[in-house]
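Everything on this sheet refers to the single structure shown next.
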2 protein chains.
Amino acid sequence: METGDHNMAARRRTNGNTESVDNYLKAILYLGGAEESRVTIKALAGRLSVAPASVTNMLQKLAGSPAPLVEYERHRGVRLSSAGKRRALEVVRHHRLIETFLYQVLDYPIEELHEEAERLEHFISERFEQRIAAKLGNPRIDPHGHSIPTMEGEMPEGERPARESILLADVVGDGTFVIDSISDRDAHSLRSIEACGITPGARLRVRKSASSEGYSVRTGRSSKVFDLSREVARDVRVVRLPK
Amino acid sequence: METGDHNMAARRRTNGNTESVDNYLKAILYLGGAEESRVTIKALAGRLSVAPASVTNMLQKLAGSPAPLVEYERHRGVRLSSAGKRRALEVVRHHRLIETFLYQVLDYPIEELHEEAERLEHFISERFEQRIAAKLGNPRIDPHGHSIPTMEGEMPEGERPARESILLADVVGDGTFVIDSISDRDAHSLRSIEACGITPGARLRVRKSASSEGYSVRTGRSSKVFDLSREVARDVRVVRLPK
DNA sequence: TCCTATAGTTAGGTATACCTAATTTGGAAG
DNA sequence: CTTCCAAATTAGGTATACCTAACTATAGGA
Ligand SMILES: [Mn+2]
Ligand SMILES: [Mn+2]
Ligand SMILES: [Mn+2]
Ligand SMILES: [Mn+2]
């Protein structure tokens, strides 16, 4: 009979992390931004829907372990260690590969990708990751236009969202744009975004409708005009085209 | 800001159960057998690799809830309530659909199906279940020859393993058989089983080799003879063919 | 019938990952 | 400089799901 303690420490997964730890790492990666700046306890608490006290606790534990996943200094916020960054990108890779797979192979509606991926990303094996990547032809972009980190745990060249992309909601004046990416988190926004033909990579002509608060947009060659609320425009990133 | 308690009770899943609870229900379903007889604490503890005390605790909790998943009487073992049986079959359906999917769509080797399915079965949504079922053409049998419970939560007609099937290890004398199913739990056995061409539904000619402790088998039309150890023969279920 | 072995239960802990409430701290504003 | 306040930390709990050790009940054998 087993000692039984192989089963304890409850939530170890394929890797050595719990779902919770993975989610902290992803949140730090995201909030740190491209400059990988220090992330505030409050910001983490907000993103993870958890009390600040819980964040402090978790970070102390993560920073105090033998091979720390984060660098944490009291009252000065956190950043990822290189091991932490590697793991965070691994989870992001899982997430985006799963989304791509659900979309392309299982015909999920775009607004349901995120929730399923958010759960499954923590539980698939390396084999599963490799098999779906192979099946999809090693895609580099997910259905929302986000770059899929490489197998080696790095963000690929020409990262998306692109550094130079801006929120549609921040566009001033009229213009023509390329759609960089769309947010994956709000199912309601995603429905409207898809309904008016907005797809990463497509071209978008924008007119800031002076009358209403929103944006009038036409996609691709279509002459159909759609009106987007400010709300929804906050979930679309674009890159301005010259001319 | 959220109240925060949407996030507590940690391990709630798509459904309302934790992974642990699901595993108890599956174990009770399995150990209760076709007659759904009462299952012993000790048997459960063995199957789940958990201390008997932990089993008692869990069963008391499950039996004491408002809509109990089990019927439990002190010192007299447990059986599933009808809600418990429904949920157990739901998880078994997940498990077997996932195995079929990994095998047919993602080309997993047969001996790696079980471990991945054992984890993922608890975390997929109903949508995921339906989509893979549809993609596979609503299969009724998994790669090991086990029946996949229906969407309505019932074991289908002509259940497999069949009532009349016996372990290859219990075969006395020579004879011809149909392979009913193979166990999914031992990766090592599965390798040897596959290596000699044993597949659910195939025909198997058996000669109990008097010399060694094992079984000499030929599958299908092949004239190649393989020797199986008693160990491995315990992982194969067969149905004797008349004549 | 009695006795004892085995199965089961209770009692008391551990670790994870949350919470609220109380306290501390560091930096910006006066 | 001091003050003050938002942000962070500490202190003290909860729930889940395990554990070991100690105790009890039941059923089969003498
Ligand atoms: Mn997640
Ligand atoms: Mn995404
Ligand atoms: Mn399981
Ligand atoms: Mn199986």
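These figures come from a predicted structure and were not determined experimentally. Naming convention: chains lettered A, B, ... in sequence-line order (proteins, then strands); numbering from 1 in each chain. Both backbone and side-chain heavy atoms feed into the values below; hydrogens, waters and symmetry mates do not.
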My understanding is that only residues two or more places apart in sequence, or in another chain, count here; which of them pass side-chain hydrogen bond (donor to acceptor under 3.5 Å, both in side chains) with B:Lys26? B:Glu118, B:Glu121
Consider only side-chain N and O atoms of A:Asn23 and A:His122, and report whether a donor and an acceptor are under 3.5 Å apart. yes
Sequence neighbours excluded, every pair satisfying side chain to side chain donor-acceptor pair (under 3.5 Å) that has a member inside residues 66-79 of chain B: none
In whole angstrom, give the distance that lies between atom CZ of B:Arg38 and atom P of D:dA27. 10 Å
Return a single string for nucleotides 4-10 of chain C, one symbol per nucleotide in 5' to 3' order, where B is base contact, S is sugar-phosphate-only contact and - is none, cutoff 4.0 angstrom on heavy atoms. ---SSBB
Could you tabulate the donor-acceptor pairs under 3.5 Å formed by side-chain atoms of residues 163-170 of chain B, not counting sequence neighbours?
residue  : atom : partner  : partner atom : Å
B:Ser165 : OG   : B:Ala162 : O            : 2.7
B:Ser165 : OG   : B:Arg237 : NE           : 2.8

With sequence neighbours left out, what residues match B:Arg93 under salt bridge (Lys or Arg N to Asp or Glu O under 4.0 Å)? B:Glu129
Would one find a side-chain N or O of B:Tyr24 under 4.0 angstrom from OP1 or OP2 of D:dT16? no
Sorted by chain and number, sequence neighbours left out, side-chain hydrogen bond (donor to acceptor under 3.5 Å, both in side chains) with A:Glu126 holds for A:His94
For C:dA17, take OP1 and OP2 only and decide whether either is under 4.0 Å from a side-chain N or O of A:Thr18. yes
Rounding to an integer number of Å, can you tell me how far A:Lys61 NZ sits from D:dT9 P? 16 Å
Just how far, in rounded Å, is P of C:dA15 from CE of A:Met58? 15 Å
Between D:dC18 atom C1' and B:Leu44 atom CG, what is the distance in whole Å? 15 Å
